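Heavy-atom basis, side chains included; hydrogens, waters and symmetry copies ignored. Below, chains carry the letters A, B, ... as their sequence lines are ordered, and counting in each starts from 1. What you are looking at is a predicted structure, and each value in this text was computed from that prediction instead of being measured.
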Number of protein chains: 2
Amino acid sequence: MEVITLTGVTDSATAKGEQTRELILSTALRLFREQGYGKTTMRAIANEAGVSVGNAYYYYGSKDHLMQAYYDLLQDQHREAVEPILATEKAFVPRLAGVLRTWLDVSAPYHEFAGTLFKTAADPRSPLSPFSEESRPARDASVEIFRRVIDGSDLKLAADLKAELPELLWLLQMGVVLFWVHDQSEDVRRSRALIDRAVPLVDRLLRLTRIPGVRGVTNDIVGLINSIKP
Amino acid sequence: MEVITLTGVTDSATAKGEQTRELILSTALRLFREQGYGKTTMRAIANEAGVSVGNAYYYYGSKDHLMQAYYDLLQDQHREAVEPILATEKAFVPRLAGVLRTWLDVSAPYHEFAGTLFKTAADPRSPLSPFSEESRPARDASVEIFRRVIDGSDLKLAADLKAELPELLWLLQMGVVLFWVHDQSEDVRRSRALIDRAVPLVDRLLRLTRIPGVRGVTNDIVGLINSIKP
DNA sequence: CCGCTCTTTTGAACATGTTCAAGTCAGATG
DNA sequence: CATCTGACTTGAACATGTTCAAAAGAGCGG
């Protein structure tokens, strides 16, 4: 993988192969954006990039792998776009709502193409599956965002719940994504409405956990969630 | 589609075409079971059924349509298999647990092949999507099972929650399915464990809704669920 | 029985993701 | 420089879902 020459220069980023790899990826992403995933053929990608089909497969094991690269890009953009919110907003509700809304904003250009992405991601054997080992880094990064949402906020919670909450909020995001993928309303208005209603509700639910009679159930829920983690 | 002869006999079920249609379907289902969905080619199905490839496409628009027929079959089997439980069991927890466990039992032979099914179902454009219009009959039938789980049980609930609960339980089942699809443990032990823990928890949560402070949040949740229905 | 129309059936052709044996090239080694 | 090695590249071949124009069959009116 990495190129180490005896002239002393380690330069995996600009080595011939890496250039080709990036050329193929960027071409693929452009075509995906322009014509959608389904209509973009591997031949078209190779053609447009000026390489052979086989060469594309040398760097990316399948068309899905190119999509995964696309997905990773989205994740990165979300992570960046979320920074201002985490830096300025201090109350839990707007922090969480902001993070979720930002996801919609970042993903908006890809809504048409999200169906295909989602379809692939749903296959448990796909590396894109949000539960797969390959996507662990992306998932961890996403969970980390929610950890920061909580830690930087005014939320007061029992320690064990607080530890588990980032992953629960990640699940909430998965739910929003599921809804968004199916959302055909203009400007995905309904997805935004869902966030607007769901976030305050989550907030209220979390405050409820302080009621003694509720605490026990909460612990059981946390325990259940823990038990289903792989 | 339907054959109406002037001799007065309406016989769509045994008309030539229907026979072919069923031959193709049963052959496809057998091959799916024997070798999995992915490894079963349309050519193999046509071959085995003794017809041409084009003929299979004359009756089923795509390979996915054959899978949908498969899925409908599963649903039917579940509906039947659940009857004894609904007839004998009266307590809410064993009723619900029984229905969910029965789903696992019925689906067990198809676990390997469930990934593909799930993948297709996840595509919002697919008729197999659990949220699609085409699958509404199957979904309604499934929700109906959960309505009977509640109605025939000893559960005491506020009317509005009770009205919404069948759909919530259907969502719970979707969650179990999601987990099951990814479950690689032997005999899907972990999925069974999930049911064993989740069902009593659901029961406790429902009883909690009687606490005054919880009632309000419950109503909000019901409202939210209602608002996201299409 | 003949032709007409509609359904059914055929199989070759097509599109596209994927594989692979063989070729090319760049740098290292002697 | 000649050779070697491993990374890189090629394009034809393959597998399989899907389409389609044409053929075959079936019932019907004459």
Side-chain angles (χ1 to χ4, degrees), chain A residues 1-25 27-28 31-32 35-68 116 119-120 123 125-128, chain B residues 1-25 27-28 31-32 35-68 116 119-120 123 125-126:
Chain A
M1 283 297 118
E2 198 164 10
V3 177
I4 303 182
T5 63
L6 286 193
T7 54
V9 183
T10 299
D11 205 354
S12 68
T14 54
K16 185 92 176 299
E18 283 311 306
Q19 265 181 288
T20 309
R21 168 181 240 108
E22 274 158 33
L23 172 64
I24 291 168
L25 178 59
T27 306
L31 291 182
F32 287 168
Q35 350 176 303
Y37 181 79
K39 284 180 195 154
T40 304
T41 69
M42 290 301 283
R43 283 167 183 77
I45 294 170
N47 237 332
E48 198 79 358
V51 300
S52 69
V53 199
N55 201 5
Y57 277 93
Y58 181 75
Y59 290 104
Y60 296 93
S62 74
K63 199 181 171 187
D64 282 355
H65 280 75
L66 284 165
M67 177 146 66
Q68 179 163 31
T116 312
K119 169 180 173 162
T120 308
D123 188 338
R125 291 156 302 190
S126 161
L128 251 98
Chain B
M1 282 301 115
E2 199 165 10
V3 178
I4 304 182
T5 64
L6 287 193
T7 53
V9 184
T10 299
D11 204 354
S12 67
T14 53
K16 184 92 179 299
E18 283 311 308
Q19 265 181 285
T20 310
R21 168 181 240 107
E22 275 158 31
L23 172 64
I24 291 168
L25 179 59
T27 307
L31 291 182
F32 287 167
Q35 349 174 305
Y37 181 79
K39 283 180 195 153
T40 304
T41 70
M42 290 300 283
R43 282 166 183 77
I45 294 170
N47 237 334
E48 199 78 0
V51 300
S52 68
V53 200
N55 202 4
Y57 276 93
Y58 181 75
Y59 290 104
Y60 296 93
S62 74
K63 199 181 172 186
D64 281 356
H65 280 75
L66 284 166
M67 176 146 67
Q68 179 162 31
T116 312
K119 168 180 173 161
T120 308
D123 189 336
R125 289 155 305 191
S126 162

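From one end of the helix from dC1(C)-dG30(D) to dG30(C)-dC1(D) to the other, with five pairs defining each end axis, the axis direction shifts by 30° (rounded to 10°).
The nearest whole Å value for the distance from the CZ atom in Arg21(A) to the C1' atom in dT9(D) is 15 Å. Between the C1' atom of dT10(D) and the CD1 atom of Ile24(A) lies a distance of 12 Å, rounded to the nearest Å. Rounded to an integer number of Å, the gap from CG of Asp64(B) to C1' of dT18(D) is 12 Å. Look at NE2 on His65(A): it is 15 Å from P on dG17(C), rounded to the nearest Å. Put simply, OH on Tyr60(A) is 13 Å from P on dC8(D), counting in whole angstrom units. With rounding to whole Å, Leu31(B) atom CG is found 13 Å from dT16(D) atom P. Summarising the geometry, the separation between CG on Asn47(B) and P on dT9(C) is reported as 16 Å, rounded to the nearest angstrom.
Listed by first and then second residue, the salt bridge (Lys or Arg N to Asp or Glu O under 4.0 Å) pairs that reach into residues 40-55 of chain A are Arg30(A)-Glu48(A), sequence neighbours excluded.
In terms of phosphate contacts, Thr20(B) brings no side-chain nitrogen or oxygen within less than 4.0 Å of OP1 or OP2 of dT8(C).
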Only distances under 3.5 Å count here; give the side-chain donor-acceptor pairs of residues 51-61 of chain A to other protein atoms, sequence neighbours excluded, each with its distance to 0.1 Å.
| from | atom 1 | to | atom 2 | distance (Å) |
| --- | --- | --- | --- | --- |
| Ser52(A) | OG | Asn55(A) | N | 3.2 |
| Tyr59(A) | OH | Gly17(A) | O | 3.4 |
| Tyr60(A) | OH | Arg21(A) | O | 3.4 |

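Considering NE2 of His65(B) and CG of Leu25(B), their distance stands at 12.5 Å, rounded to 0.5 Å. Expressed to the nearest 0.5 Å, how far CZ of Phe32(B) lies from CG of Leu66(B) amounts to 5.0 Å.
Residues forming a side-chain hydrogen bond (donor to acceptor under 3.5 Å, both in side chains) with Thr41(B) (at least two apart in sequence, or on another chain): none.
Side-chain atoms of Thr40(A) come within 3.5 Å of backbone atoms of Leu31(A) as a donor-acceptor pair (strictly under, hydrogens ignored).
Residues from residues 51-59 of chain A lying near DNA chain D, meaning a heavy-atom separation below 4.0 Å, are Val51(A), Ser52(A), Gly54(A), Asn55(A), Tyr58(A), Tyr59(A) in numerical order. Listed in residue order, the members of residues 37-44 of chain B having a heavy atom less than 4.0 Å from DNA chain D are Thr40(B), Thr41(B), Met42(B), Arg43(B).
Of all heavy-atom pairs between Leu23(A) and Ala49(A), the closest is CD2-O, 3.3 Å. In terms of heavy-atom proximity, Lys63(B) sits nearest to Tyr37(B) at NZ-O, 3.0 Å.
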